[in-house]
Every structure is written in C-alpha cells, then in structure tokens.
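Below, read A as the first sequence line, B as the second, and so on, with proteins coming before strands; counting in each chain starts at 1. Owing to the predicted nature of the structure, the values given are computational and were not obtained by experimental measurement. Heavy atoms only: backbone and side chains are in, while hydrogens, waters and symmetry mates are out.
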2 protein chains.
Amino acid sequence: MSKKLTIGMFGFGVVGQGLYDIIKTKNLNLEIKKFVIKNADKQRSLPAELFTTDADSILEDDEINTVVELIDDADAAFEITKKALSSGKNVVSANKKMIATHLEELTELQQQYGTSLLYEGAVCGSIPIIRNLEEYYDNELLHSISGIFNGSSNYILSKIFNEGQSYEDALQKAQELGFAETNPILDVGGYDPKYKLTIVASHAYGLFVDPDTILNLGIDKLNDHDIRFAREKNFKIKLIPFAKEISNSEVVLYVLPRFITKDSILYNVENENNGVLVKAAFADEQFFYGKGAGGHPTGSAVLSDIAALRYGYRYEYKKHLESQELKYATNYDLKLYLRYEDEDLLENVEFKSISERFYSENAKYVIGYISLQEIIAKRDIINQEGNFLAELPF
Amino acid sequence: MSKKLTIGMFGFGVVGQGLYDIIKTKNLNLEIKKFVIKNADKQRSLPAELFTTDADSILEDDEINTVVELIDDADAAFEITKKALSSGKNVVSANKKMIATHLEELTELQQQYGTSLLYEGAVCGSIPIIRNLEEYYDNELLHSISGIFNGSSNYILSKIFNEGQSYEDALQKAQELGFAETNPILDVGGYDPKYKLTIVASHAYGLFVDPDTILNLGIDKLNDHDIRFAREKNFKIKLIPFAKEISNSEVVLYVLPRFITKDSILYNVENENNGVLVKAAFADEQFFYGKGAGGHPTGSAVLSDIAALRYGYRYEYKKHLESQELKYATNYDLKLYLRYEDEDLLENVEFKSISERFYSENAKYVIGYISLQEIIAKRDIINQEGNFLAELPF
C-alpha cells in the first residue's frame, strides 16, 4: 500500500541524527542510501561508505526517489531542492529561510514536475501547523495567526521575566545551551520567526510575500527600563510574529516585541517552547503548543513528512490556486510603546496620535499609534541603538 | 478537482445550525438537499420543504452521496450510519457515544463498502486531534495522551477553584449556561470524556476497546474537604481521561479526577475549554487547545470533515491494520487519594500500599496505591455516596 522510499540526505547535524535515531526504531519501508556532507574529515557514527561530499551522487542517482535536505546554507539548499524537484524526486526540507524566500518558485516547480515538497519541520519543530492549515482549516475564515515561533528569544525573555536575569546574561546562557545561533541577531532580531511567519501566512491565506518586505524588529535593544515598564503593568514581553486579515482583501504581517497580558494563552509559553495561536471565525481560538526546536522534535516533524510521502501526500496550495483576492498590506495602525534616546526621533517618525509621554533622567518613551507603513519606512531610525519598540494591547 | 457533495443532514440543533451558518458564508461545491428532524411541528429558520421526519428520504435518495449525522440518540445514529455506509454514502458524525461503542463494526463497514466515516467533531470540538493522530503521529511512539475533554466538568471545577463557588452552585450555573446536560452525570460522572478517550486511544494505538470496560469516576462526589486538601497543596482538581502505553504490548485507559500541579500545562485549561496533551518519544510534549463544544466550534470540525470528503479523504486505520500488538490492560498501579465515610471500605478494597491516613470529625482519607483492576472490580463500593477518589501526581 505504501511506496518504498529510497532516501538521499543532505546534512547530518542535530536534526539529521535525531531523524536517524527515530528511523532506526521503526519498520517504515524506507532506506537511507546516501548522506551528502560538507566536511569529509569529521568522525561519523555510521559506516564511512554512507557519506560523500558529492551532491550529484544523490541528485543523479535514479534509484533515490526522495531527498531530505537538512543543511544550514539556504542558497545551497535551494539549488539542491530545485534540481531534485525538477528531476522527479520529492523533497523534505526544514530550511525556513530557503522555503520562505523561494516559496512561489518552489510551488511552481512542484506543479510543473508533479513532485512534492514538504516542510513541516521548517516551522515550529514538532507542531503540525502547516499540515493543519493546509488540510484542516482549508475552509475556515482565519482572523489572525500569532504565536511564539522562536525558542531562543523566548528562552531569553523567560529568564528575564521569571528569574530577573539581565538580557546579556540570559543571551549568554541561551548560547551556552545551544539554543541561540552564534550570530544571535537571526533569533533576537526576529528574522527566524519572520521566515516562519512567511510560510505560515502563505498556507493560511494563500499569499506569496517576499520576507524582505515584512517588518521585523527584535528584542536586542530591550533594557531595564522596558522590563520595569512591563512589570508595573503585569505584562510580559514576548517576540510575536503576527498575521491578520484586516479586510476581505488585505492581510498584514509583521514581527514585533509585544506586551502580553495574563489572559493571553501566549503569556504562559515559556523557555524554548513554541506556540501557535489561530483565531478563526468558527473554530474560535485554537492553540498548538510544543517543542519548537531540537534534533528530536524537528526530526519527528521531518519524519512525518517523509512518512506522508510514502502515501503520495502533497500540499495542494488550494488557497493559492483558488483565490487571489488577498494581498499583503501595510495600511494598519499599531498601538506602540517607543523608548528613544534622541529627540529627533519624534520629528522623524510620524505618529497618528500620542497618548502618553514620559521623561526621566534615564529614559524617555511615548505611547501612541504609528502605521505599519511608517514603521517600515523609518525602520533604521527606529531600530537605532538606544531605542526599543513594542506593541501594546489595544 | 473536488467532488460535488449532495448532503442529507440528520438533526438541526445547535451544531446543525452552526454548520449551516458556516456553509452559507462559503462557496464549497456542496448542497444540503434535505434535513431529517424528529419534531415536524417546530418552527424552523429555513423553508419547510427542506425538512422531513422520514429517514429514508435521505437514505434512499441516490443523489445524496453524503450523510451528516448530528442527532443525540446513539442507537438511532448507529442505524442511520450503518445503512448509509452500506449503501455507498459517506458519513460525517459528531456522536461520540455511537462512534466509541461501535468503532470496530464501523471500521469494517468502511472497508467492506469502500465508504468513509469521519468524526472529528465527536472529540473535543474544534481541536483536530483525530486527524493529527491518524496522519501526523502515524509513526510516533506515543507515551501517553491525556487532557481536558469535557467542558462542563471543567467549567464547574474552574468556578470552584478560581471563584470559590460550591459544587452545587457551579453545576447549576453550568446548566443555566447550557454547558451541562440535563442529566449531568454524563458530564460530571466522566462518561462523555470516556467515549472521547475510547476514540482518541483507538487512533493513537490501533485499539478497539468497549467503553463499558473502561473505568470512569467523576467529580460528582467532590466536597469541601477535597477542595481544601487540593488548595493546601497548590493543586487544582481536573477530570482527566488518560491513555498510556505501559509496555510494548499494553495500554491502560481510564477517566479519573486528578490533582494537577502548577507545572502541568493542563493546570491552565479553564472553564469550558478543552485541551489534549500528547507525550511522544520524539515530538516530546505536544498540546492542542481550543473550544471543546458549542455550535460553531463543533460545526467547524464537522465542516472540515465534509470538506475533506470532497477530496476522498478517509481514515486509513493503519495502526489497526498493520499491527495488533497492543492490548488494553488493567495491571497498573495508581497513586490515589480516597476520602471515604464507611470504615468497611478499607477492608473491601485492596491497597497495594498506604502511605498516609487522616481522620477528623468531618472527614477521613487515605493515600496509597491501588491497581486499576481492583478499582474496576470495586467501582460500586468506591463510588458510593460519601466517598471521593482522585489520582495524585507520583
């Protein structure tokens, strides 16, 4: 009943090894024939003849019908994925940057060659959000999708709010534990959750959006004043990717720090965990929570995709194909807290309205409304050292 | 690309109307041709010619290829479903008692006639747990599944623990709000969550178990002493259906009140909300949260099933067909709190061990281990007026 999969795998890092551990315990009618790795000299836990540095030994092997791509380099991953899909191989990938950046072209390749690309592991580890948006919420009116998509930032924020650690100490701890990238700006600057948001929003709303056009600001400028402000109001700060249908034809997308109240389900998502909150007209609030990263949780998502390929599963992209009504928009006003250093900022950034201003020796902030468009246009000024922007509850 | 569905619907209550509301807003290539209702005299919001009391006007209409069954009566629902599946019609049902009680026969009918029966709406309203167990966790090693599956009981417990209400007041409030059945024992006695557990466990472990053989005790005997005991230890009490793989060949299943600690994700599931917690070897802790009942959330689950039928979706029951290794077992020891009135109880029920005993003028309790087998055998004694049993964290 199921098709036998002969797999070529790119990469043998944390996720690849997690996946191999899982596959060992199961009788799944699949075989991993070859691993392509970058460093031929590294000691491996498996027989040497399974490893090669030559990509074509997978891509030009007709017996291999399935490519599992688990490498970091988004450009190399794209070349591999394109070539595999074009030559009749199905692909499973966990590379969020690659998928987010090239989703439209990758969708066309799948249609053209009748191949399947699955990427549940690219978004929030073990949480099956893509599959559910694609299959289960295919006819729901989705008001919004938000959540905690980045474990490293969330770990840092948990240490700050629950244990009183400083931003610097918490970041260092996250790096020691291996949660944070060596270049932490991908996490704390909101780039990683932005790629995931791009993919999620695509399956929710049938949109292809270039992630470079989506606003992301992170928690890297957070200081003690912001933390105190949040504490006094019983808020926590979380880094929130957000997609919202603002009209019948428009969806806004952005990643910003947000002050979260106790009654939000995201308030209790702590440490490296992830959560996805779907607000829908009929299903109401639906929340998915789980491990967002790590070899085994992400390996388990990749395995679910591999297993689904045995039964010919593919994303149908029904929302993309059936309606082209929704467009990415930026004409949306946000209620914001903006701590700033240089008075010029208030002249350079156009506020729709200002409801509070605060000055002290140590810090100045304003609370008011700014349009998403304006934040995107003035991103570099707003994101200067000494400033911190976060969204407030309405 | 999708098949046109011509639907005959049994029942036009809260869920049926919720569903109709949803379908109106969408262009789904489906038509509801006929409603069969029990009471012909009731005023309806739709044209009278859509309604009939004659079941055969759906079941013997060859143009109708899809039956949506949303009636309360489990026996009548089973007759309808059997006849529909046997005559080539696919069926969507939200009747948990009917599905739980007849799942094995219903599975055979689907195989025999090549028809499809979907029932996501029968388990935890809008939460897509069956679909995810069936499709996404089809190769996971599932350690356990637990959760809050009954909104009425949980609403009552929330009122008790968060607002200091008495059990009686909270039950009355739940009934006024329409959360609780007129005969509340189905909810507070743990029958409703037991039917859901039977279905969930079947899709998790490939088991067919007669729900009558599964232990359920409820919260109906809860009194102030138990509440005080929980409060002193910072516990909340929740009514928890539980399935756990205790060995390579055995799964235990039961529904019991449980003392829940603050660090459990179930601690924060309040009021009429539902949550399903899946613990898996590789995906780790995965949690699904949403509205467990109500016309729109359940209607949205039923709609997802209907929409999936347009693309020929059916549960594969792979776990049932591929392996018959797992069996339902009761050789499992539970750590329990048992408040009792009559000293004879301690002689009649065999404890594996007792670690605490408490006596006062108002109440007596013991803490110790009892086997699941023994609780099932002595259920009637344990469940007598004046006693209350709840599971403790290990």
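Each of B:G275, B:A281, B:P297 has some count of heavy-atom pairs under 4.5 Å with chain A, and the biggest count is that of B:P297. In terms of non-hydrogen atom pairs under 4.5 Å with chain B, the most contact-rich of A:A283, A:G125, A:A308 is A:A283. Of the listed residues (B:Q286, B:K291, B:H296), the one with the most heavy-atom contacts under 4.5 Å to chain A is B:Q286. Heavy-atom pairs under 4.5 Å with chain B were tallied for A:S300, A:G18, A:G290; the largest tally goes to A:S300. Your options are A:L303, A:N273, A:D284, A:D305, and the one with the most heavy-atom pairs under 4.5 Å with chain B is A:D284. Each of B:D21, B:L277, B:T298, B:I127 has some count of heavy-atom pairs under 4.5 Å with chain A, and the biggest count is that of B:I127. Ranked by heavy-atom pairs shorter than 4.5 Å toward chain B, the options A:Y136, A:Y137, A:Y289 are led by A:Y136.
For B:A301, the parts lying near chain A are the backbone and the side chain together; criterion is any non-hydrogen pair under 4.5 Å. Proximity to chain B is limited to the side chain of A:L28, based on heavy atoms less than 4.5 angstrom apart. With a threshold of 4.5 angstrom between heavy atoms, B:E135 approaches chain A through its backbone and through its side chain.
A distance-only check finds a donor-acceptor pair linking the side chain of B:K319 to the backbone of B:L133 [under 3.5 Å]. Between the side chain of A:R314 and the backbone N or O of A:T115, at least one donor-acceptor pair lies under 3.5 Å. Checked by atom type and distance alone, the side chain of B:E325 never pairs as donor or acceptor with a backbone atom of B:N248 at under 3.5 Å. No donor-acceptor pair under 3.5 Å is formed between the side chain of B:N150 and the backbone N or O of B:P193.
Looking at every heavy atom in both residues, A:Q111 comes nearest to A:L321 through NE2-CD1, 3.8 Å.
The aromatic rings of A:F235 and A:F259 lie tilted to each other, with the angle between the two planes from 30° to 60°.
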Checklist entry - Can B:E270 and B:K236 be said to form a salt bridge (charged side-chain N to carboxylate O under 4.0 Å, His left out), step by step? => result CA-CA 11 Å; B:E270 296 293 5; B:K236 284 180 190 168; 2.4 Å; yes
